Novice: 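I'd like to ask you about the structure that follows.
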Amino acid sequence: MSRIRDWCAEKEIKHVECLVPDFFGVAKGKVVEASAVDSGDLRIAESLFGQDILGHWVEDDELIDVADIDMTLVPDAATLVPQPWADGFAQCICDCETLRGDALELAPRSILRRMVAKFAAMELDAIVAQEAEFYLLEPNRDAKEPVKAAAGRSGRVMNTPRSFQTEALAEYAPFVESLRAFAAAQGIQVTSAEQEMGQGQIEVNFEHGLALAKADEMFYFKRLAKEAALAHGKIASFMAKPMSDAAGSAMHLHQSLTSTATSKNGFVDKNGRLNKRFHAYLGGLQKYTPPAIALFAPSVNSFRRFEGAESCPTNVEWGFDNRSAGFRVPKCDAAATRIENRIPGADNNPYLAIAVSLACGYLGIQEHLKPSDPVAGSAWDRGFGFPRTLSDALDALENCEPLIDLLGERFVKLFVLMRRDEVEDFSKIVTEWEREHLLLVV
């Protein structure tokens, strides 16, 4: 705590946002005076984990205490960073504890910590690297109207895909410059940026690292990308499918295991060949991703990304350097051996997506699973290999005891309950498509 106090004084920080990622990866918390961050008495209602994306509150007393009890916020000094868009402000991610001092089982950060600890007990570190896809859009002041790509420096709006064109990305150079500056100010190393397949769609890649730190990084990156966009009169959206006629946005998750003692890659043997642990981990991803899909694709919109299969996997097949498969193993040096999970959408909560991906691999190791044969051609020809709607995905999750045991029964019940409320609310809405094709025809 003294480190936080000294850092704030050195940086002339007056206010600190003490943040908690909720089930949806949304930042919640409170703004406090810098002098109060180390007070040891930061509290907030535990029920913040019982509010869905619609702002509705869960009324199940067995899942969220009817008394609306407090929890303690414990700032993690390693996450303390300035806010380059606000003078005198900083932000810090907090762990959540009960008033008895126990880690709060519902908190996504606690869930990821538990999964990391499972591998630590095996003397392994969980290493991840993410790729973030998102759209830079013109402001959308009326939710009933479709969104469109942001106009570039030329004043033109991109109306057709310009995948990987450097000139297309250069249209957004002022935004990208701010994005990189904000990231650098918060200690986030952006390794590359490129124009993706959609109009106004950008992909940013990051350096690999320990799982918890990388989840914190993505939590922060989503916020800073939105702030950088606002600074230029635009909006940045990590919605999985914001435009009907454009590609969806993914959050590809590269993962590997390294020896805690030697830092050597845990997926290869001494000769650099893929070992039994690699195959078991991959087998776990294949077996348990279908019931885990609701955590990779957490909204009704998420599943629109899989329809049409435009640069998006539709099953749990795997292959070497095969981007049509759900799991891609890049061709690389033995030390860099990893599995790329291409299924998560950009709208996921990074703590939960990483935690459940690790959980799938962990179960594979515990059960000594074996993967299917790798696919050399198109994995899209194999059809769908996981639930196609959020409702079906929630059914699969609540019936998977091994995942429930790892993620926590209370968490899974609450997650499923809130997502079902969203499905129900969404199903009540009559869409433009229905009015267009049915109103005057049937």
Side-chain angles (χ1 to χ4, degrees), residues 111-112 114-116 118-119 122 124-131 208 211 214-215 250-258 265-268 274-298 302 305-306 312-332 336-345 348-375 379-380 382-387 393 396-397 399-407:
I111 293 171
L112 179 53
R114 291 202 303 270
M115 279 314 308
V116 168
K118 292 286 186 183
F119 286 100
M122 302 164 63
L124 293 168
D125 290 325
I127 305 297
V128 302
Q130 292 157 292
E131 302 171 3
H208 64 275
K214 292 289 116 175
M251 187 80 67
H252 299 154
L253 178 60
H254 295 252
Q255 56 212 285
S256 61
L257 302 173
T258 62
N265 194 301
F267 281 161
V268 296
L274 299 176
N275 60 20
K276 290 182 179 180
R277 183 185 289 131
F278 167 87
H279 288 100
Y281 190 103
L282 180 55
L285 284 170
Q286 288 191 307
K287 178 179 178 179
Y288 286 104
T289 288
I293 194 69
L295 293 156
F296 294 132
S302 304
R305 174 175 155 256
F306 300 118
C312 178
T314 57
N315 52 48
V316 294
E317 301 292 341
W318 76 282
F320 293 102
D321 205 21
N322 188 340
R323 287 184 168 84
S324 71
F327 305 110
R328 168 179 170 259
V329 178
K331 292 183 178 180
C332 56
T337 299
R338 61 195 185 276
I339 300 169
E340 178 190 7
N341 184 347
R342 297 178 57 79
I343 293 172
N348 74 61
N349 176 325
Y351 298 92
L352 297 180
I354 293 173
V356 78
S357 201
L358 293 176
C360 293
Y362 176 80
L363 289 170
I365 293 173
Q366 296 302 304
E367 297 175 17
H368 307 287
L369 298 180
K370 294 182 179 180
S372 62
D373 293 333
V375 175
W380 291 310
R382 307 293 178 96
F384 268 82
F386 45 72
L397 177 60
N399 286 298
C400 184
E401 290 299 327
L403 284 177
I404 292 173
D405 289 343
L406 287 175
L407 300 175

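Just so it is clear, the model here is predicted, and its values are computed rather than measured.
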Novice: State, yes or no, whether a side-chain contact exists between Asn315 and Trp380 at a heavy-atom distance under 4.5 Å.
Specialist: no

Novice: Does a side-chain heavy-atom distance below 4.5 Å link Lys214 with His254?
Specialist: no

Novice: According to the interplanar angle, ranging from 0 to 90°, do the rings of Tyr281 and Phe119 count as parallel (below 30°), tilted (30 to 60°) or perpendicular (above 60°)?
Specialist: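 Tilted: the ring planes of Tyr281 and Phe119 meet at 30° to 60°.
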
Novice: State the NZ-NZ distance between Lys276 and Lys370, to the nearest 0.5 angstrom.
Specialist: 8.0 Å

Novice: Roughly how far apart are Leu406 CG and Tyr288 OH, rounded to 0.5 Å?
Specialist: 9.0 Å

Novice: Please report the shortest heavy-atom distance between Ala396 and Pro387, naming the atom on each side.
Specialist: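 Closest heavy-atom pair between Ala396 and Pro387: CB-CG, 4.3 Å.
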
Novice: For the backbone of Gly364 and the side chain of His368, can you confirm whether one donor and one acceptor N or O come within less than 3.5 Å of each other?
Specialist: no

Novice: So, for Gly385 and Pro290, which heavy atoms are closest and what is the spacing to 0.1 Å?
Specialist: O-CG, 3.5 Å

Novice: Under a plain distance cut-off of 3.5 Å, with no hydrogens placed, do Thr337 and Asn265 share a side-chain donor-acceptor pair?
Specialist: no

Novice: Do the side chains of Arg305 and Pro313 get nearer than 4.5 Å, heavy atoms only?
Specialist: yes

Novice: Are Leu253 and Ile354 packed together at the side-chain level, in the sense that at least one heavy-atom pair is separated by less than 4.5 angstrom?
Specialist: yes

Novice: With rounding to the nearest 0.5 Å, note down the distance linking CD1 in Ile365 to CG in Leu358.
Specialist: 9.5 Å

Novice: Once you round to the nearest 0.5 Å, how far does OG1 of Thr258 lie from CG of Leu124?
Specialist: 7.5 Å

Novice: Are any of the side-chain heavy atoms of Asn399 and Pro291 separated by less than 4.5 Å?
Specialist: no

Novice: When rounded to the nearest 0.5 angstrom, what distance separates CE in Met251 from CD in Glu131?
Specialist: 10.5 Å

Novice: Side chains of Val268 and Phe278, heavy atoms from C-beta outward: is any pair under 4.5 Å?
Specialist: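 They are not in side-chain contact.
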
Novice: Any donor and acceptor pair, going by atom type alone, linking the side chain of Asn348 with main-chain N or O of Pro298 inside 3.5 Å?
Specialist: no

Novice: Atom NZ in Lys118, atom CD in Gln366: separation rounded to 0.5 Å?
Specialist: 8.0 Å

Novice: Please indicate whether His208 has more than 12 foreign heavy atoms, meaning atoms of other residues, nucleotides or ligands, lying under 6.0 Å from its NE2.
Specialist: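 For His208, atom NE2 is not crowded (no more than 12 foreign heavy atoms under 6.0 Å).
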
Novice: Using the side chain to side chain donor-acceptor pair (under 3.5 Å) definition, which of the options Arg323, Gln255, Arg328 pairs with Glu340?
Specialist: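 The residue from Arg323, Gln255, Arg328 that satisfies side chain to side chain donor-acceptor pair (under 3.5 Å) with Glu340 turns out to be Arg328.
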
Novice: Please lay out, stage by stage, how Ile111 and Tyr351 fare under the test side-chain contact (heavy atoms from CB on, under 4.5 Å).
Specialist: CA-CA 8 Å; Ile111 293 171; Tyr351 298 92; over 6 Å; no

Novice: Would Val375 and Arg382 satisfy side-chain contact (heavy atoms from CB on, under 4.5 Å), going step by step from the backbone distance to the final call?
Specialist: CA-CA 10 Å; Val375 175; Arg382 307 293 178 96; 3.7 Å; yes

Novice: Which atom pair, heavy atoms only, marks the closest approach of Ala359 to Met115?
Specialist: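 Taking every non-hydrogen atom into account, CA-CE, 3.6 Å.
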
Novice: Closest approach of Leu112 and Ala215, non-hydrogen atoms and distance?
Specialist: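 Scanning both residues completely, I find the closest heavy atoms to be CD2-CB, 3.6 Å.
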
Novice: Please report whether the ring centroid of Phe306 lies less than 6.0 Å from that of Phe386.
Specialist: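 Close enough - the centres of the two rings lie under 6.0 Å apart.
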
Novice: Would you check if the side chain of Gln286 reaches a backbone N or O of Ser372 as a donor-acceptor pair within less than 3.5 Å?
Specialist: yes

Novice: Side chain of Asn322, backbone of Ala379: donor and acceptor closer than 3.5 Å?
Specialist: no

Novice: Short question: side chain of Arg114, backbone of Leu407 - any donor-acceptor pair under 3.5 Å?
Specialist: yes

Novice: Between Trp318 and Pro371, which heavy-atom pair has the shortest distance, and what is it?
Specialist: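 Distance-wise, the nearest heavy atoms are NE1-CB, 3.9 Å.
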
Novice: Which heavy atom of Arg338 sits nearest a heavy atom of Phe267, and at what distance?
Specialist: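 Closest approach of Arg338 to Phe267, heavy atoms only: CA-CD1, 4.4 Å.
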
